[in-house]
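Single-structure report; data block below.
Just so you know, residue 1 is the first one in the sequence shown, and it goes up from there.
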Amino acid sequence: NVIESIPEIDKWVVMCSSGMPTIQIAMKKSVVLQAAIYTLSGQEVARVSSRQFTSGQHKLQFSTGALASGTYMVTLMSNNRKETKKLMIQ
């Protein structure tokens, strides 16, 4: 079972400007996170990061060059936990 919450994350936001989306993450504790982009049907289209994040602020930027305009889901995963937010690409 996947739990829809990662307790080590204080908060996170997805922003998109100038064709370069940014994921900003505020970590309470150190944890290994995977960040990936999915279509609405659940197909992974990009792996943004898969590494250890320490407590504090982190910023991940990625190019949307290969992605068509539309709505995608940004998912952060750690162990059997995940959190998801929408991303609009124009």
Reference residue Val48; test side chain to side chain contact (heavy atoms under 4.5 Å, CB included); the match among Leu33, Leu60, Val74, Leu76: Leu60

Asn79 atom CG: more than 12 heavy-atom contacts under 6.0 Å: no

Side chain to side chain contact (heavy atoms under 4.5 Å, CB included) evaluation trace for Val32 with Ser78: CA-CA 6 Å; Val32 174; Ser78 178; 5.5 Å; no

Ile37 side chain near Met73 side chain, heavy-atom distance below 4.5 Å: no

Any residue meeting side chain to side chain donor-acceptor pair (under 3.5 Å) with Ser41, in chain and number order, not counting sequence neighbours: Thr39

Joint hydrophobic cluster, Ile23 plus Ile89, side-chain heavy atoms closer than 4.5 Å: yes

Pair Ser30-Gln52, side chain to side chain contact (heavy atoms under 4.5 Å, CB included): steps then yes or no: CA-CA 7 Å; Ser30 179; Gln52 181 81 29; 2.3 Å; yes

Check: Gln57 and Gln24 side chains under 4.5 Å, non-hydrogen atoms: no

Ile9-Val31 co-clustered via ILVMFWY side chain contacts under 4.5 Å: yes

pair Met15-Gln61: side-chain heavy atoms closer than 4.5 Å: no

Hydrophobic cluster membership, Val45 vs Phe62, 4.5 Å side-chain cutoff: yes

Atom of Met27, atom of Thr54 and distance for their closest heavy-atom approach: CB-O, 3.4 Å

Over all atoms of both residues, closest heavy-atom pair of Tyr72 and Ala68: OH-O, 2.8 Å

Residue pairs involving residues 80-90 (criterion side chain to side chain donor-acceptor pair (under 3.5 Å); sequence neighbours excluded): Trp12-Glu83, Thr75-Thr84

Cluster link Met77 to Leu87, ILVMFWY, side chain under 4.5 Å: no

Minimum heavy-atom distance between Arg47 and Ala36, given as atom pair plus value: NE-CB, 4.1 Å

